[in-house]
Protein chains: 4
Amino acid sequence: MTVTATEPTVGRRRAPRGSARRSIVAAATELFARRGYEATSVQEIVAAAEVTKGALYHWFGSKSELLTSIYRELLAEQTQRLREIADGSGPVEERLRAAALDVVAHTAEHADELTVWARSAHLLDDEQAEATRRERRHYHDLFRDLVREGQASGAVRTDLSATVMTHAFLSALGNTHTWFHPDGPLTFAEVGHQLAELFLGGLRPPGPEPEPPHSPEPAPGRRPAGGAQRSRRSPARRNP
Amino acid sequence: MTVTATEPTVGRRRAPRGSARRSIVAAATELFARRGYEATSVQEIVAAAEVTKGALYHWFGSKSELLTSIYRELLAEQTQRLREIADGSGPVEERLRAAALDVVAHTAEHADELTVWARSAHLLDDEQAEATRRERRHYHDLFRDLVREGQASGAVRTDLSATVMTHAFLSALGNTHTWFHPDGPLTFAEVGHQLAELFLGGLRPPGPEPEPPHSPEPAPGRRPAGGAQRSRRSPARRNP
Amino acid sequence: MTVTATEPTVGRRRAPRGSARRSIVAAATELFARRGYEATSVQEIVAAAEVTKGALYHWFGSKSELLTSIYRELLAEQTQRLREIADGSGPVEERLRAAALDVVAHTAEHADELTVWARSAHLLDDEQAEATRRERRHYHDLFRDLVREGQASGAVRTDLSATVMTHAFLSALGNTHTWFHPDGPLTFAEVGHQLAELFLGGLRPPGPEPEPPHSPEPAPGRRPAGGAQRSRRSPARRNP
Amino acid sequence: MTVTATEPTVGRRRAPRGSARRSIVAAATELFARRGYEATSVQEIVAAAEVTKGALYHWFGSKSELLTSIYRELLAEQTQRLREIADGSGPVEERLRAAALDVVAHTAEHADELTVWARSAHLLDDEQAEATRRERRHYHDLFRDLVREGQASGAVRTDLSATVMTHAFLSALGNTHTWFHPDGPLTFAEVGHQLAELFLGGLRPPGPEPEPPHSPEPAPGRRPAGGAQRSRRSPARRNP
DNA sequence: TATGAATGAGCATTCATTCAT
DNA sequence: AATGAATGAATGCTCATTCAT
């Protein structure tokens with residue numbers, strides 16, 4: 001019933017400009033994550049967002065466009081962050097490590113949205129699927145190119161496909177929603193760091209090695225932002 | 001489309017006993033894989049299976065029970081195979097490697113069903129979800145115990161959680177449906193072997209190593225059955 | 001069949017506002033009364049009301065909610081009438097008699113709806129049943145309190161429970177649908193008056209009585225409105 | 001699973017002759033009473049009776065024939081009892097009283113079946129409805145003739161129709177299932193006696209009376225058999 | 001920048017009944 | 001005297017979307 005105004009307004013306006021769109025996105029994200037895209041009706045979204053159906057269709061052309069919007073915003077942000085890391089100046093091993101940790105941090109921050117996407121992307125019609133697929137592909141290529149750069153420099157094993165290694169890491173992280181439970185013994189941040197460590201370790205060329213370039217511990221004090229708390233539903237997030 | 005008579009019949013007898021159930025499962029598996037569980041109607045299933053709706057509901061309590069049945073059969077088979085490998089007599093490194101390759105082979109053989117499951121498991125009601133979750137958990141624990149055995153023997157690094165490592169490998173394989181394309185440069189078998197290799201390599205304790213206990217190549221001549229061809233739709237399966 | 005436009009429209013405008021709800025209620029009442037609640041399908045209702053299923057479910061959450069709505073409106077009206085009589089100023093005998101005759105009149109006017117209710121109330125789910133049960137109970141208590149007032153004043157025998165006497169009268173009237181036939185020798189109004197007379201007579205304390213306070217005849221000229229004609233299907237209503 | 005043998009059997013027979021039929025009737029009666037005829041599926045009946053569908057259709061031509069069977073057996077018994085009372089030798093007042101009390105007793109004994117009938121009779125197809133209607137009508141006429149005999153003898157008021165008075169009493173009793181609750185202050189036997197008393201009192205001619213021919217109390221020691229306990233579900237049956 | 005009544009095709013599911021064995 | 005797989009038509013209901021206001 002009541003709407004919290006986030007900016008000063010005058011007169012008889014009940015909510016600030018664009019707030020309807022924002023509350024629709026927030027409600028949809030939460031519901032899609034909890035119940036799934038298909039199991040959430042437009043009616044439920046508008047009820048949770050405290051707007052009418054007409055308002056939703058004013059801002060979004062369809063239910064699937066709403067889903068796509070949520071994901072594309074997320075992807076754009078993540079791509080931007082990755083690009084900055086990849087374009088950095090340090091040695092490739094360091095940039096690779098930074099990239100992996102950034103994926104962990106971003107996954108932690110947006111677990112809900114990413115869960116929704118993983119479960120529902122296949123339901124989109126061809127047009128919308130194509131658009132997001134291209135952007136997602138772009139993100140993947142950015143990461144893979146970093147791996148390839150590592151291969152060229154000798155830091156990464158060359159007997160395995162950079163594509164496969166990239167997908168392996170991204171999949172392992174993107175699947176945490178199917179098994180991670182916040183009440184378990186590890187926080188999401190810890191799990192993420194272990195996954196990054198496992199990935200980075202797996203990249204090293206097989207055979208005798210002179211010096212491990214980094215310590216295998218989760219590096220206390222370097223935890224990525226948002227790593228410890230991540231979801232509206234379970235701020236702690238420890239798992240088995 | 002075609003109905004194979006498994007025993008000779010005379011007159012206008014409908015079909016051999018139990019054939020209705022079988023054709024329902026076959027039709028549902030194919031349709032769920034191609035179009036998705038939610039996008040496939042019961043009407044379409046019975047049309048493809050050439051039975052009536054009543055027959056479907058005679059054998060399965062609901063559409064979701066049909067989905068669950070398909071998955072549970074698959075999981076039971078996979079669990080049985082893993083148990084035999086885990087209970088084998090060789091050194092743990094070899095059993096771990098065999099287990100990983102078996103997961104690859106099984107994933108290749110049943111990619112369709114596993115894709116369906118990955119996309120639709122979250123739609124099940126609590127009761128059905130609980131039953132399969134328990135069985136799935138059991139399968140996971142079997143694999144994880146092998147990893148733990150490796151940790152105890154010194155073959156596997158101990159600075160990472162066996163649970164996390166197990167999930168990482170299973171997730172990487174279970175997610176191939178989101179990116180693998182049969183027209184790409186690698187067959188599914190090759191991708192699978194690379195994933196196994198990456199996983200096995202990542203398990204090794206960090207630091208100097210005397211002798212790599214196994215060659216990193218995909219082990220020619222040992223390819224698991226069904227590894228090279230996997231799906232009704234794309235027997236070759238090469239990917240980018 | 002025919003649709004009466006209640007306001008002038010132009011072009012291909014569908015129908016005046018709120019008319020959909022009204023025609024749904026009218027069609028449902030008629031069909032439920034003629035064929036029974038369970039034997040009437042939602043499809044038949046919307047066809048008769050010349051609306052779509054969606055419109056019906058826009059206004060009513062379910063078929064049973066539609067049934068409940070019809071009855072609750074009826075009950076509210078009847079309760080209101082009874083309250084006015086009970087709160088009147090005359091002697092209790094007169095108010096009791098007026099109340100009984102009002103029940104007769106109301107039953108005559110709404111025989112169809114009441115028949116439907118008597119036959120189908122037990123099919124409702126607990127939630128809906130509870131709501132109407134409470135209102136129905138309220139109506140009953142209003143009548144019973146009048147009987148109790150009569151007992152306190154000495155006009156009504158005290159050796160029998162006011163609750164039981166009230167139920168007896170209401171049941172006798174509410175069951176007329178099982179046996180009354182309009183082609184019989186008595187009109188419904190006559191039957192109703194006899195029932196009221198029987199009830200009122202039964203209330204009198206047993207033993208010698210000085211003066212019968214009212215004539216036992218059906219009181220010509222005082223027939224309640226709608227008593228003589230009651231149903232779309234049988235305007236006359238005489239019975240055996 | 002286990003069936004209690006009601007008569008000695010030999011050999012490998014699992015249940016006595018006709019026991020399937022009996023358990024079907026028992027299960028159907030119980031389910032129809034609790035959930036309603038329409039809301040009870042044939043599947044539920046055979047599950048409760050521990051027989052198969054085929055067995056049910058072996059003994060009964062249809063679901064409605066099963067319903068009809070239950071009621072006709074009951075009606076035959078009740079009619080037989082009433083006939084014996086009506087054909088008795090005492091004065092008409094006494095026979096009338098005995099008849100009323102017998103209806104009370106019978107209603108108490110078979111409340112479940114009678115409830116089913118009251119709710120579901122209207123669902124039968126014309127053929128079955130006609131058969132039972134004739135028998136029910138016969139029962140009613142037997143009672144009404146007793147009332148008429150009372151009118152002829154001067155014991156019963158003649159200003160009201162014997163038909164109407166009979167229906168009033170039978171309806172009041174037949175409707176107890178809609179309001180009587182076993183936890184209330186009165187037992188079903190007490191309610192029944194009050195209803196009989198109210199009815200009998202209402203029959204007396206209006207105006208001065210010399211001697212009340214009977215005491216208004218529920219006549220302790222004369223309670224009809226079965227009056228105190230009646231239903232599988234609520235042996236006590238007290239009501240508000 | 002909304003509103004909300006209405007659409008209409010589609011959905012999963014139920015159910016009394018049949019019949020070859 | 002039963003079995004139980006199969007029928008097939010019907011049922012109540014959902015839902016993303018539209019559009020006059």
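Values reported hereafter were calculated over all heavy atoms of this structure, with side chains retained and with hydrogens, waters and symmetry mates removed. Worth saying up front: this structure is predicted, and the values here are computed from it rather than measured. Within every chain, numbering begins at 1; the chains are lettered A, B, ... in the order of the sequence lines, protein sequences first and strands thereafter.
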If we call it a pair only when both distances are under 3.5 Å in a Watson-Crick or G-U wobble match, what pairs with E/dA12?
-> F/dT11
If pairing requires Watson-Crick or G-U wobble contacts with both distances under 3.5 Å, which nucleotide is the partner of F/dA2?
-> E/dT21
Do A/Lys53 and E/dT3 share a donor-acceptor pair, side chain to base, under 3.5 Å?
-> no
From [options], pick the nucleotide closest to the side chain of [X]?
X: A/Ala55; options: E/dT17, E/dC11, E/dT3; value: E/dT3
X: B/Thr52; options: E/dT13, F/dT7, F/dT17; value: F/dT7
X: D/Val42; options: E/dA5, E/dT17, F/dA2; value: E/dT17
X: A/Tyr57; options: E/dT17, F/dA6, F/dA16; value: F/dA16

Flag this pair as yes if the NZ/CZ of C/Lys63 is under 6.0 angstrom from the six-membered ring centre of C/Phe32 and inside a 45 degree cone about the axis; otherwise no.
-> no
Between C/His58 and B/Gly54, the residue closer to the 5' end of DNA chain E by nearest nucleotide is C/His58
Take D/Leu66 and D/Ile45 through the side-chain contact (heavy atoms from CB on, under 4.5 Å) test and state the conclusion after the steps.
-> CA-CA 11 Å; D/Leu66 173 52; D/Ile45 297 169; 4.2 Å; yes
More than 12 heavy atoms from other groups under 6.0 Å of CD on C/Glu130 = yes
Touch check for B/Thr40, heavy atoms < 4.0 angstrom, all strands: base, sugar-phosphate only, or nothing?
-> sugar-phosphate
